[in-house]
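Read the numbers this way: they start at 1 and go in the same order the structure lists the ligands and their atoms.
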Amino acid sequence: MHTKIWRMAPQELDIKMLQEAAQLLKEGEVIGFPTETVYGLGADALNPEGVKKIFAAKGRPMDNPLIVHVCSQNQVEGLVESIPPEAVRLMKKFWPGPLTLVLPKAGIIPDIITAGLETVAVRMPSHPVALRLIELAGIPVAAPSANKSGKPSPTTAEHVWQDLQGKIAGIIDGGRAGVGVESTVLDLSCGTPTILRPGGITREQLEAEIGQVNLDTNLNDINAAPRSPGMKYTHYSPDADLIIVQGNDYEIKEKLSKILLDREPESVGVMISQEIHKLMDKDFPVDVKLKIMGTRQNMEEITSNLFDTLRWFDHQNVSVIYAESFPQDHIGAALMNRLYKAAGGKI
Ligand code: TXA
Ligand code: MG
């Protein structure tokens with residue numbers, strides 16, 4: 001299949017191009033498009049044949065449900081059974097934006113979207129391209145991240161191209177996705193609101209709005225069965241082994257220095273903050289593939305560089321990557337969740 005590319009700046013939408021992409025969605029094709037979190041792979045959420053193509057293109061297990069993307073709060077009403085008061089408050093505060101709400105589903109939602117669950121995940125993205133595309137298509141758009149299943153999520157159209165060219169009808173290139181990790185998935189379908197996947201909106205932000213929010217207890221346990229089906233699969237894996245290096249600054253520096261001393265030349269990658277880099281020997285070995293992800297003063301920047309960094313190492317011919325461990329509050333919760341998954345728990 002020929003994969004078409006449409007390029008535009010988010011501030012200067014090309015409506016003709018978006019109409020062409022929207023038309024393909026309506027015809028049951030799948031399209032890669034930018035959101036503020038990561039690139040999504042969209043299809044008409046109410047057309048099971050179209051949605052099937054998402055699973056085929058990604059190689060995604062059929063028991064992993066999809067998020068339905070909308071362009072307004074009104075659009076949600078037709079897709080869910082009921083909207084609890086907390087949902088109304090959260091939508092008002094955080095939509096459009098990186099927050100996905102799990103609500104009791106309406107009968108109109110096909111089983112293929114929810115993998116047979118009684119709930120549906122909905123989100124209104126804030127990226128102008130995503131919003132306008134959904135609006136022009138006039139349909140709710142089901143979209144997982146637009147990567148091959150198991151690989152790091154795509155933060156550029158180039159990433160989508162690398163994973164899915166020839167398998168999908170088109171990709172809208174709207175520049176780099178800003179947040180760089182996926183939306184927070186919050187279950188509002190029963191009991192205390194529970195974060196099933198930490199993401200762009202933090203637990204602290206949610207609690208400031210609606211009070212107590214739980215974290216799915218199984219989230220960071222590699223052997224447990226999380227309530228968000230997708231969280232059980234290997235995720236975000238670079239080709240090389242990834243190992244997380246924990247400790248205070250001094251310990252991380254000492255551990256890394258020792259690892260680099262004992263390394264096999266040409267095979268080691270390191271991903272660290274400016275702060276740790278400054279502590280390391282001035283003569284950092286030239287054969288080590290080094291990625292400085294940003295400063296810890298700006299955890300949003302480090303987070304937004306994560307997936308691109310993991311994908312960069314796939315082109316560097318390293319067999320093992322060592323990653324600095326970060327504090328797990330605020331956006332650090334989402335960052336470390338992805339890093340643990342990418343490492344398959346290796347610390
Ligand atoms: O930021 C994002 O959320 C991106 C962009 C494209 O919007 N999308 C995304 O989709 O990350 P995906 O498919 O990669 O992740 C969806 C997550 C999975 O962990 C899935 O199991 C969970 O949401 N999920 C979907 N529907 C659910 C439901 N009804 N109950 C519980 N978890 C659900
Ligand atoms: Mg994904």
Ligand 1 to Asn64 polar contact by distance, N or O atoms, under 3.5 Å: yes
N or O pair under 3.5 Å between Arg60 and ligand 1: yes
Derivation of the side-chain contact (heavy atoms from CB on, under 4.5 Å) call for Met271 and Phe313: CA-CA 10 Å; Met271 46 197 281; Phe313 281 115; 3.8 Å; yes
Side chains of Glu182 and Thr37, donor plus acceptor under 3.5 Å: no
Options Leu117, Ile113, Val38, Leu101, ranked by nearest heavy atom to atom 30 (N) of ligand 1, top entry: Leu117
Closest heavy-atom pair and its distance - Ile172, Pro34: O-CD, 3.3 Å
Shortest non-hydrogen contact from Ala146 toward Leu164: O-CD1, 3.3 Å
Side chain, backbone, both or neither: Leu196 near ligand 1, heavy atoms under 4.0 Å: side chain
Distance-only N or O hit between ligand 1 and Lys58, under 3.5 Å: no
Any side-chain heavy-atom pair of Phe94 and Arg123 under 4.5 Å: no
Nitrogen or oxygen of Thr35 less than 3.5 angstrom from that of ligand 1: no
Charged N-O contact under 4.0 Å between Asp216 and Arg197: no
Proximity to ligand 1 by part of Ala143, non-hydrogen separation under 4.0 Å: backbone
Enumerated ligand 1 atoms positioned under 4.0 Å from heavy atoms of Arg197: 2 (C), 3 (O), 9 (C), 11 (O), 15 (O), 16 (C), 17 (C)
Ile108 atom CD1, over 12 foreign heavy atoms within 6.0 Å: no
Numbering as shown, the atoms of ligand 1 that approach Ser145 to under 4.0 Å (heavy-atom distance): 8 (N), 9 (C), 10 (O), 12 (P), 14 (O)
The Mg ion (ligand 2) to nearest N/O/S of Asn147 less than 2.8 Å: no
Residue-ligand contact Lys105/ligand 1, heavy atom below 4.0 Å: no
Test of proximity, Thr119 against ligand 1: N or O pairs below 3.5 Å: yes
Closest approach of Gly200 to Val179 (non-hydrogen atoms, all atoms of both residues): CA-CG1, 4.0 Å
